[in-house]
Amino acid sequence: MASKYCVANWKMNFNGQQGKEFVSLLNSKDLNNGQSQIILCPSFTSLFSMVEASSNSAISVGAQNMHFEDSGPYTGEVSAQMLNETDVKFVILGHSERRHVFGETDDMIHAKMVQSIKSGLTPILCIGENLDERESGNTNQVLRSQLEAGLADVNGEYIIAYEPVWAIGTGKSATSEMVAETHASIRNILAELNVSENVSLLYGGSVSPQNTAELAAVENVDGFLIGGASLDVEKFYSIYSDL
Ligand code: PEP
């Protein structure tokens, strides 16, 4: 059976102190629903302090990105080895903001997948179609090509997050019917690519306490990747409790 995850993508929000306060508030709650693992993904500068604050707790920490090379002339970038120094266990790769705002290609994301697994990190590979692609009936084709490219010759543990671009940060989540249909298609594509059904498939895109009870009940939804609502500890805990 696939494991469940409740993942916070804080994006470029929260400094180290705010991150530690969040961890302390979250840790004061009952985190033993036994259903899902919590992963908080803060900015690079907070990774050391967040790992320290969450040690000996049910909370894990992940990064939001990394470079695919070991080292070199890549100003502003952070390697997998550098992430290992912080002791994080997870890294988000191929988020739509990385793809669309920072121009990351499928080839770059694939190289990051290979490098993260080689370095002992568990990547969370994000895939998703934009509005034009959905409206023109190309969703499955887009997801298939992102999966084929991202997972080519990748062996090891990873998590996949389906995040329709049009649902990210818009307050317009995919409906549970759409998520059911799309997650079923993704599972079919994964089966064709010989990917184990134990690989977890998360949904992300305007997840909030208003829609998680319904979305969590959808078949093939193994958890959530949460942006906006993950900045509020009460909302995040409510979502976690729905899993
Ligand atoms: C995200 O950025 O991964 C995300 C899902 O954002 P939001 O929850 O704000 O839509």
Side-chain angles (χ1 to χ4, degrees), residues 4-14 18-19 22 26 36-44 46-47 50 60-66 88 90-104 109 112-113 116 121-131 133-134 139 142-143 146-147 150 158-176 178-180 182-183 186 200-216 218 220-243:
K4 294 200 171 179
Y5 295 92
C6 190
V7 185
N9 175 13
W10 285 349
K11 312 192 187 192
M12 201 171 70
N13 296 293
F14 282 174
Q18 289 169 311
F22 187 106
L26 192 57
S36 63
Q37 186 176 343
I38 293 173
I39 306 171
L40 304 180
C41 302
S43 59
F44 286 133
S46 299
L47 290 177
M50 286 284 292
S60 299
V61 180
Q64 298 174 15
N65 183 31
M66 53 164 257
V88 295
F90 298 89
V91 58
I92 298 173
L93 296 180
H95 188 278
S96 78
E97 286 150 17
R98 298 299 321 171
R99 290 176 190 264
H100 301 297
V101 182
F102 297 100
E104 288 190 12
I109 294 160
K112 291 179 184 209
M113 285 290 290
S116 60
L121 295 161
T122 300
I124 303 170
L125 172 66
C126 300
I127 57 168
E129 81 288 0
N130 65 29
L131 194 57
E133 290 161 343
R134 176 158 281 270
T139 297
V142 169
L143 299 177
Q146 290 175 345
L147 287 168
Y158 51 84
I159 298 167
I160 294 170
Y162 167 56
E163 298 207 303
V165 179
W166 48 269
I168 294 181
T170 58
K172 200 175 153 211
S173 168
T175 63
S176 49
M178 264 181 210
V179 175
T182 313
H183 276 221
I186 293 170
S200 302
L201 178 54
L202 317 185
Y203 169 75
S206 295
V207 163
S208 78
Q210 279 71 50
N211 55 29
T212 41
E214 192 178 333
L215 289 169
V218 173
N220 291 307
V221 170
D222 303 315
F224 298 117
L225 177 51
I226 311 142
S230 74
L231 294 169
D232 179 318
V233 72
E234 297 305 330
K235 288 185 186 168
F236 184 74
Y237 184 68
S238 164
I239 294 168
Y240 165 77
S241 304
D242 279 338
L243 275 167

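Ligands are counted one by one from 1 in listed order, and the atoms in each one are counted from 1 as well. Quick note: residue numbers are just sequence positions, from 1.
With sequence neighbours left out, E214 forms a salt bridge (charged side-chain N to carboxylate O under 4.0 Å, His left out) with no residue at all. Applying the salt bridge (charged side-chain N to carboxylate O under 4.0 Å, His left out) criterion to E129, with sequence neighbours excluded, gives R134.
Near G205, meaning under 4.0 Å from one of its heavy atoms, ligand 1 places the atoms 5 (C), 10 (O). Atom numbering of ligand 1 starts at 1 in the shown order; those under 4.0 Å from a heavy atom of L225 are 3 (O), 5 (C). For ligand 1, the atoms closer than 4.0 angstrom to any heavy atom of S206 are 7 (P), 8 (O), 10 (O). Residue E163 approaches ligand 1 through these ligand atoms, each under 4.0 Å from one of its heavy atoms: 1 (C), 3 (O), 4 (C), 5 (C). Residue N9 has at least one heavy-atom neighbour below 4.0 Å for each of these atoms of ligand 1: 1 (C), 2 (O), 3 (O). Under a 4.0 Å criterion applied to the non-hydrogen atoms of A167, ligand 1 contributes the atoms 10 (O). When each atom of ligand 1 is checked for a heavy atom of I168 under 4.0 Å away, the hits are 1 (C), 2 (O), 4 (C), 6 (O), 10 (O). Within ligand 1, the atoms closer than 4.0 Å to a non-hydrogen atom of G228 are 7 (P), 8 (O), 9 (O), numbered from 1 in the order shown.
The closest protein non-hydrogen atom to atom 8 (O) of ligand 1 is G227 N, 2.8 Å.
Nearest heavy-atom pair across A174 and P164 is CB-CG, 4.4 Å. Nearest heavy atoms, C6 versus S36: CB-OG, 4.2 Å. Residues W166 and N130 share a closest heavy-atom pair of CD1-C, 3.8 Å. Listed here is the closest heavy atom pair of G205 and Y203: O-OH, 2.9 Å.
Heavy-atom distances between G169 and ligand 1 reach below 4.0 Å in at least one pair. Ligand 1 lies nowhere less than 4.0 angstrom from a heavy atom belonging to G171.
Side-chain contact check for S200 and D222: no donor-acceptor pair (N or O, by modelled atom type) lies under 3.5 Å. For the residue pair E163/S96, the side-chain donor-acceptor check at 3.5 Å is not satisfied.
Using cut-offs of 30° and 60° for the angle between ring planes, the W10 and F22 rings count as perpendicular.
For ligand 1, the polar-atom distance check against T170 finds no nitrogen or oxygen pair separated by under 3.5 Å. In terms of polar-atom proximity, I226 is not counted as a contact of ligand 1, lacking any N or O under 3.5 Å from an N or O of the ligand. Polar contact with ligand 1: absent for G204 (N/O pair, distance under 3.5 Å).
For atom 1 (C) of ligand 1, the candidate residues are H95, Q64, E97; the nearest heavy-atom contact is made by H95.
Of the charged side-chain nitrogens involved, at least one lies within less than 4.0 Å of a carboxylate oxygen, so that E104 and R98 count as a salt-bridged pair.
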